[in-house]
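Below: one structure, written as structure tokens.
The structure displayed is predicted, hence computed values, not measured ones. Quick note: residue numbers are just sequence positions, from 1. For ligands, and for the atoms within them, numbers begin at 1 and follow the listed sequence.
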Amino acid sequence: MTETMQKITLAARPVGAPKDSDFKLVEAPLPEPKDGEVLVRVHYMSLDPYMRGRMDDAKSYAAPVPIGGTMEGGCVGEVIASKSDAFKAGDMAFGMFGWATHGCLPAKEMRKLDARLPITTALGVLGMPGFTGWYGLMELGRPKEGETLVVAAATGPVGSMVGQIAKARGLRTVAIAGGADKCKLATEKFGFDAAIDHRAYDDAGSLRKALAEVAPKGIDIYFENVGGKVFEAVLPLMNTFGRIPVCGMISGYNAGALGGNVQSDVPDRLPMLWRSILVKQMSINGFIISNHYDLYGKFLSEVAPLVASGEIAVLEDIAEGLENAPRAFMGLLEGRNVGKQIVKVV
Ligand code: NDP
């Protein structure tokens, strides 16, 4: 009898927020590794906001997942068969195996895991999201002691990395998070100096007033994770020579914010912001982390010891079972995750 695996495919392109019927759990034969390839049994898979963009058939920095294709994603698991000298059965590895119980990839596309740390850290704090926070802050935010930083989605893996590194460098750190519990986590677990609940304010103006109180010297770095109302609130508070690393805009993902203006002739609102950018001489840099992996080794050597020693706090939200991945993903877009969203597959 052929051995099988399970995977989740994209059954339909979501219109607005994804729903159950946009996904399908399917059975497939277990792949046989060819020369140079490695077969892995996935233990944990990562759920990340960028996956919403892959569900849309819109021009972006990466191709969409085709209908019927396996949802893309990073995973960690155990090597169960190897036709490469680089891996042997029993090794723990990271690879882009997708939303699936097993995956087979060329060894050169996989990474061995540091056995001294829990394997889930390779998906969050020491994986792509943590690296994103570190890179965006250090390379584009250019933090200086005494400055003020604001970041939203502050208890997630990107925002919590940004806040903790900025705090360690002597900045005043202000978190924006959804709900009182997340605000408490932001200050108590991640050391932010202040936290504002964006859900408590209906409009950008009232959110701006609250922000101005906790950022009395203005904002030097706004690490952009969410866009929308938060961005509207922050922009007038930016100081001269302020920096905005533009990392994400999750508030618009269900409305196609990743595709929209990139491909269409819909007028862009940016010209209306031109004057603020000029007068305040701001640096605004969009970035996609996959283009910066030349610095991943530097990130790991700096940050992994801080995670091991507990100086960088880690928060993970682990859903159980591959079949629950779609629901957990929907929760991530709605802010129901508390910390890095992961799915335990076995
Ligand atoms: P998180 O785990 O923090 O999850 C997303 C969070 O976004 C939610 O928990 C919620 O937090 C917040 N959120 C959702 N909707 C809204 C909204 N309408 N307004 C304000 N906040 C909202 O995600 P990550 O840390 O993994 O990612 C953070 C951002 O970084 C995303 O925009 C992502 O796309 C981006 N990113 C970009 C990369 C790049 O290469 N440029 C790479 C990796 C991530 P809360 O409840 O606190 O509001």
Side-chain angles (χ1 to χ4, degrees), residues 16-17 46-55 60-62 72-74 123-125 127-137 139-141 150-164 174-187 189-190 192 195-204 207 211 222-234 244-255 257-258 285-293 295-296 299 314-319 328-343:
S46 178
L47 289 175
D48 297 272
Y50 76 83
M51 293 166 175
R52 178 64 187 85
R54 300 291 195 277
M55 296 173 194
S60 188
Y61 61 90
E72 169 180 334
L123 300 178
V125 67
M128 185 279 286
F131 178 43
T132 298
W134 176 88
Y135 173 85
L137 177 67
E139 295 292 317
L140 307 175
V150 173
V151 63
T155 60
V158 176
S160 59
M161 178 64 70
V162 169
Q164 291 181 94
V174 176
I176 296 180
D181 291 347
K182 282 192 181 178
C183 286
K184 196 161 180 257
L185 275 171
T187 51
K189 188 169 178 79
F190 296 119
F192 281 91
I196 303 266
D197 174 8
H198 66 89
R199 295 189 197 284
Y201 301 91
D202 291 333
D203 60 280
L207 178 57
L211 264 171
Y222 171 54
F223 192 100
E224 174 64 296
N225 273 339
V226 302
K229 179 180 72 182
V230 176
F231 172 66
E232 304 267 350
V234 164
I244 306 184
V246 183
C247 175
M249 55 208 74
I250 193 167
S251 71
Y253 288 178
N254 281 333
L258 276 180
N285 294 91
F287 71 102
I288 298 296
I289 199 60
S290 49
N291 291 324
H292 302 286
Y293 268 78
L295 290 176
Y296 187 64
F299 160 71
V314 180
L315 183 62
E316 296 174 336
D317 188 338
I318 303 193
F329 182 69
M330 294 171 208
L332 175 74
L333 293 175
E334 291 164 9
R336 277 190 273 124
N337 63 310
V338 181
K340 168 65 202 160
Q341 185 67 61
I342 289 171
V343 177

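Ligand 1 lies nowhere less than 4.0 angstrom from a heavy atom belonging to Q341. Assignment of P157 to the shell around ligand 1 is supported, since a heavy atom sits closer than 4.0 Å. No heavy atom of T155 sits closer than 4.0 Å to any atom of ligand 1. Under a 4.0 angstrom heavy-atom cut-off, L333 registers as being in contact with ligand 1. Contact annotation: E334 has no heavy atom less than 4.0 Å from any atom of ligand 1. Ligand 1 lies nowhere less than 4.0 angstrom from a heavy atom belonging to A152. Heavy atoms of K340 come nearer than 4.0 angstrom to ligand 1 in no pair at all. Ligand 1 lies nowhere less than 4.0 angstrom from a heavy atom belonging to K229.
K340 and S46 share a side-chain donor-acceptor pair at under 3.5 Å.
Heavy-atom contacts of G335 reach the following atoms of ligand 1: 8 (C), 9 (O), 10 (C), 46 (O) (cutoff under 4.0 Å). Residue-ligand proximity, R199 to ligand 1, at heavy-atom distances under 4.0 Å covers atoms 46 (O). For ligand 1, the atoms lying closer than 4.0 Å to a non-hydrogen atom of T132 are 38 (C), 42 (C), 43 (C). Per-residue contacts place I289 under 4.0 angstrom from the following atoms of ligand 1 (heavy atoms of the residue considered): 39 (C), 40 (O). Residue-ligand proximity, N337 to ligand 1, at heavy-atom distances under 4.0 Å covers atoms 1 (P), 2 (O), 4 (O), 8 (C), 9 (O). Ligand 1 places these atoms under 4.0 Å from at least one heavy atom of F287: 39 (C), 40 (O), 41 (N). Residue contact check: H198 has heavy atoms under 4.0 Å from atoms 19 (N), 20 (C), 21 (N), 45 (P), 48 (O) of ligand 1. Less than 4.0 angstrom separates some heavy atom of A177 from each of these atoms of ligand 1: 47 (O).
Of all heavy-atom pairs between V226 and E224, the closest is N-OE1, 3.1 Å. Considering all non-hydrogen atoms of both residues, G73 and M51 come closest at CA-CE, 3.6 Å. Taking all atoms of both residues into account, the shortest heavy-atom contact from Q341 to L332 is CB-CD1, 4.1 Å. Of all heavy-atom pairs spanning R52 and G16, the tightest one is NH2-O, 2.8 Å. Residues M249 and V246 approach most closely at CE-CG1, 4.2 Å, considering heavy atoms.
Under 4.0 Å from ligand 1, not a single heavy atom of R336 appears. Counting heavy atoms closer than 4.0 Å to ligand 1, residue N225 contributes atoms from both its backbone and its side chain.
If you take CD1 on I289 and CE on M128, they are separated by 8.5 Å, rounding to the nearest 0.5 Å. Here I196 contributes atom CD1 and L211 contributes atom CG; the two are 5.0 Å apart, rounded to the nearest 0.5 Å. Taken from CG in L207 to NE2 in H198, the straight-line distance is 9.0 Å, to the nearest 0.5 Å.
The closest protein non-hydrogen atom to atom 6 (C) of ligand 1 is A153 CB, 3.8 Å. Regarding atom 22 (C) of ligand 1, its nearest protein heavy-atom neighbour is I250 CG2, 3.8 Å. Atom 21 (N) of ligand 1 has as its closest protein heavy atom V226 CG1, 3.4 Å. The protein heavy atom nearest to atom 4 (O) of ligand 1 is L332 CD1, 3.3 Å. Given atom 37 (C) of ligand 1, the protein heavy atom at minimum distance is C247 O, 3.1 Å. Protein heavy atom nearest atom 46 (O) of ligand 1, with residue, atom name and distance: K182 NZ, 2.7 Å. Here the protein heavy atom with the shortest distance to atom 34 (O) of ligand 1 is Y253 OH, 2.6 Å. Counting protein heavy atoms only, atom 25 (O) of ligand 1 is closest to V158 N, 3.0 Å.
In the candidate list P49, S46, G156, P49 is nearest to atom 26 (O) of ligand 1, counting heavy atoms.
In this pair, F131 and F299 present their aromatic rings tilted. The plane angle is within the 30 to 60° band. Using a 30° and 60° split on the angle between ring planes, F287 and F223 fall in the perpendicular class, above 60°.
Looking at ligand 1, you'll find an N or O of G178 within less than 3.5 Å of one of its N or O atoms. Ligand 1 has no nitrogen or oxygen under 3.5 angstrom from a nitrogen or oxygen of M128. Backbone and side-chain nitrogen or oxygen atoms of S251 are examined, and none is located within less than 3.5 angstrom of a nitrogen or oxygen of ligand 1.
E232 places no side-chain N or O within 3.5 Å of a backbone atom of V234 that could act as its donor or acceptor partner. Between the D197 side chain and the R199 main chain, a donor and an acceptor come within less than 3.5 Å of each other. E139 contributes no side-chain N or O that, together with a main-chain N or O of Y135, makes up a donor-acceptor pair within less than 3.5 Å. Judged purely by atom type and a 3.5 angstrom limit, N225 uses its side chain to pair as donor or acceptor with the backbone of A152.
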Original post:
Step by step, would you call K229 with D203 a side chain to side chain contact (heavy atoms under 4.5 Å, CB included)?
Top reply: CA-CA 7 Å; K229 179 180 72 182; D203 60 280; 5.6 Å; no
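For D181, the CG atom counts as loosely surrounded, since its 6.0 Å shell holds 12 or fewer non-hydrogen atoms of other residues, nucleotides or ligands.
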